[in-house]
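The structure presented is a predicted model; accordingly, all values stated were derived computationally and were not measured.
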Amino acid sequence: LAQLAKIYMRDFSYFLGAQEPAKEEELILWRDCVKNGDITRIKEQEFLKYCYHYFELEQKLGMDHRYKLSQLPLKRDDLDFKMIAEIAKEYYQKMQLGPRPACCLEKILEEIYNIKIAFLDLRNYGSAASSISKFGAAVLINAAEPLWRRNFDLAHELFHIITWDIFKHEDIHSNQAGKKPIIEQWADAFASHLLLPQEEVREEFMSRLENEKISVVDIVGIARDFVVSTEALVWRLVFLKLIKRKDAEDLLENPAVRELDKAQRKKDWKDAPDISFRYVNLAFKAFQKGVISKGKLAEYLSVNRADLADKLAEYGYNDTGVSYNEGIATA
């Protein structure tokens, strides 16, 4: 049973119930997914296990698991690229993302809006996915991607979360004449507008001009400053009419520019988090309150009991029995 639980990404108790477990109807929307049945199934099960563990911890601690970003009150026929720009601006302002949205989007979505974010090594099998189920809303990001691509993928999947009820899910990835599906184009546009707000990008661009020109080094520098890919920034500059499309295409096709970008980005590499700080905090809090055992805590953190202390130490906690539960009275 322990081996089955591991293979199927289920809790041990799942196999011991007196009744047959209810069939779960989770829908996972993949982005750029290579259809490989075994790999896809395993990654989906890992993702769902994380989401349900997260959900269980919220329940045990009496917390609201529901995501707090409302669905767009629109129909598909209401949407076009102009409307997408307005929607992105509205959500940018609502979430108070500041001048560099990519630097805080992940934390704000998870800490304030209850959107669960999981990072798994998807390698070349897919870049991201999203799901809404009884556990709430969740996004899966490819941990093998660099930080700036993970940021864009997160913003892209956010669009799918807020438009979950607008589109037929089978239509989202339907190709037309070999082009990227329009819904995916809208999601990309939403991510671009959200992470690269017009006023901030224009101000930064203008500050780096010399003799009405901007250097390639500065373009890469702006992309690094906003923590997005250089390609995403360049097309945003085209949209804002700050550079010409032909110049953008030439720049992105230039091998020397790609080498410069690669060299500069080495300094920016940052591994994806193993588990989110909020998730670890909830698990440790549940342990401290006595609602889960040390063995269950290890299970939630996906480590052997022998390795639990080291895993907790990574997040600034210990399992020595020291209590952090003494309350401090309000003034």
| query | Just by modelled atom types, is the Asp165 backbone N or O under 3.5 Å from a matching donor or acceptor in the Gln71 side chain? | reply | yes

| task | Show your reasoning for whether salt bridge (charged side-chain N to carboxylate O under 4.0 Å, His left out) applies to Lys246 and Glu249. | result | CA-CA 5 Å; Lys246 181 63 168 64; Glu249 292 171 347; 5.9 Å; no

| message | For a quick test of reading the model, state the closest non-hydrogen atom pair linking Ser131 to Leu27 and the distance between them. | response | OG-O, 2.8 Å

| Minimum side-chain heavy-atom gap Lys134-Cys51 below 4.5 Å | no

| request: Output, in order, the C-alpha distance, side-chain angles, deciding distance and verdict of salt bridge (charged side-chain N to carboxylate O under 4.0 Å, His left out) for Arg245 and Asp247. | output: CA-CA 5 Å; Arg245 175 176 288 272; Asp247 291 335; over 6 Å; no

| Is there a side-chain contact (heavy atoms from CB on, under 4.5 Å) between Asp274 and Phe119 once you walk through the steps? | CA-CA 7 Å; Asp274 182 23; Phe119 294 91; over 6 Å; no

| Looking at Lys311 and Glu314, does any basic side-chain N land under 4.0 Å from a carboxylate oxygen? | yes

| message | With a 4.5 Å cut-off on side-chain heavy atoms, are Gln185 and Ile182 touching? | response | yes

| request: Could you give me the CA-CA distance, side-chain angles and deciding distance for Leu61 and Lys289, then say whether side-chain contact (heavy atoms from CB on, under 4.5 Å) is met? | output: CA-CA 9 Å; Leu61 294 171; Lys289 286 181 172 292; 3.8 Å; yes

| query | When rounded to the nearest 0.5 angstrom, what distance separates OG in Ser276 from CD1 in Ile117? | reply | 8.0 Å

| Chi angles and distances behind the side-chain contact (heavy atoms from CB on, under 4.5 Å) call for Thr230, Arg265 | CA-CA 10 Å; Thr230 298; Arg265 294 288 186 174; 3.4 Å; yes

| request: Following the transitive rule for hydrophobic clusters with a side-chain heavy-atom cut-off under 4.5 Å over Ile, Leu, Val, Met, Phe, Trp and Tyr, establish whether Phe190 and Val227 coincide in one cluster. | output: no

| message | Could you check whether Tyr54 and His65 have their ring centres less than 6.0 Å apart? | response | no

| Within residues 136-153 or reaching into it, pairs that qualify as side chain to side chain donor-acceptor pair (under 3.5 Å) - sequence neighbours excluded | Arg31-Asp153

| Around atom CD of Gln96, are there more than 12 heavy atoms of other residues, nucleotides or ligands at under 6.0 Å? | no

| Are the side chain of Ser215 and the backbone N or O of Asp218 linked by a donor-acceptor pair below 3.5 Å? | yes

| query | Should the pair Glu299-Lys296 be classified as a salt bridge under the 4.0 Å nitrogen-to-oxygen rule? | reply | yes

| query | Side chains of Leu312 and Asn318: does their closest heavy-atom pair fall under 4.5 Å? | reply | no

| field | Minimum heavy-atom distance between Ala129 and Glu157, given as atom pair plus value | value | C-OE1, 3.5 Å

| task | To the nearest 0.5 Å, tell me how far Ile214 CD1 sits from Ile222 CD1. | result | 4.0 Å

| task | Go through the steps to decide whether Leu74 and Thr163 satisfy the test side-chain contact (heavy atoms from CB on, under 4.5 Å), and finish with yes or no. | result | CA-CA 9 Å; Leu74 300 172; Thr163 60; over 6 Å; no

| said: Working note: Glu204 + Arg208, criterion salt bridge (charged side-chain N to carboxylate O under 4.0 Å, His left out); need CA distance, chi angles, decisive distance, verdict. | reply: CA-CA 7 Å; Glu204 190 63 33; Arg208 299 187 185 225; 2.9 Å; yes

| Mind checking what makes salt bridge (charged side-chain N to carboxylate O under 4.0 Å, His left out) contact with Lys241, not counting sequence neighbours? | none

| Any Leu109 side-chain heavy atom under 4.5 Å of Leu69 side chain | yes

| request: Side-chain contact test, heavy atoms from C-beta onward, threshold under 4.5 Å: evaluate it for Leu147 versus Trp269 and give yes or no. | output: no

| said: Please check: side-chain N/O of Asp310 versus main-chain N/O of Asp307, any donor-acceptor pairing under 3.5 Å? | reply: no

| Roughly how far apart are Ser302 OG and His53 NE2, rounded to 0.5 Å? | 7.5 Å

| remark: Smallest heavy-atom separation, Ala298 atom then Leu308 atom, equals CA-CD1, 4.0 Å

| said: Could you check whether any side-chain N or O of Asp80 sits under 3.5 Å from a backbone N or O of Met83, counting only pairs where one atom can act as donor and the other as acceptor? | reply: yes

| Tyr113 six-ring centre to Lys68 NZ/CZ under 6.0 Å and within 45° of normal | no

| N/O donor-acceptor pair under 3.5 Å between Asn304 side chain and Ala306 backbone | no

| Validation row: Lys213, Asn211 side chains within 4.5 angstrom (heavy atoms) | no

| request: Output yes when Asp121 and Lys43 qualify as a salt bridge under the 4.0 Å nitrogen-oxygen rule, no when they do not. | output: no

| message | Parallel, tilted or perpendicular: which one describes the rings of Phe159 and Phe167, with boundaries at 30° and 60°? | response | tilted

| note | Residues Ala286 and Leu57: closest non-hydrogen pair is CB-CD2, 4.0 Å

| query | How long is the span from the CG atom in Asp225 to the CG atom in Asp268, to the nearest 0.5 Å? | reply | 10.0 Å

| query | Does Glu210 CD have over 12 foreign heavy atoms under 6.0 Å away? | reply | no

| Using 30° and 60° as the class limits, which term best fits the ring planes of His156 and His160: parallel, tilted or perpendicular? | perpendicular

| said: With a 4.5 Å cut-off on side-chain heavy atoms, are Leu240 and Gln198 touching? | reply: yes

| message | Once salt bridge (charged side-chain N to carboxylate O under 4.0 Å, His left out) is applied, do any residues pair with Lys107, and if so which ones, sequence neighbours excluded? | response | Glu111

| request: Would you verify whether the NZ or CZ of Lys89 falls within 45 degrees of the ring axis of Tyr92 while also being under 6.0 Å from that six-membered ring's centre? | output: no

| Shortest non-hydrogen separation from Phe152 to Ser192 and the atoms involved | CE1-N, 3.9 Å

| Say you draw a straight line from CG of Leu105 to CG of Leu194; how long is it, rounded to the nearest 0.5 Å? | 6.0 Å

| request: Please say which of Glu58, Glu110, Glu106 ends up in a salt bridge (charged side-chain N to carboxylate O under 4.0 Å, His left out) with Arg278. | output: Glu58

| request: Apply the side chain to side chain contact (heavy atoms under 4.5 Å, CB included) test between Tyr279 and each candidate in Phe284, Tyr315, Tyr300; give the one that qualifies. | output: Tyr300

| With side chains defined as the heavy atoms from C-beta onward, is the minimum distance between Arg76 and Lys168 less than 4.5 Å? | no

| remark: Here the gap from Leu209 atom CG to Leu242 atom CG, rounded to the nearest 0.5 Å, amounts to 8.5 Å

| remark: Residues Val291 and Lys60: closest non-hydrogen pair is CG2-CB, 4.3 Å

| field | Lys244 NZ: over 12 foreign heavy atoms closer than 6.0 Å | value | no

| field | Path from Met206 to Val220 over hydrophobic side-chain contacts below 4.5 Å | value | yes

| request: Walk me through it: do Asp64 and Arg66 pass the test salt bridge (charged side-chain N to carboxylate O under 4.0 Å, His left out)? | output: CA-CA 6 Å; Asp64 189 354; Arg66 294 170 295 182; 3.0 Å; yes

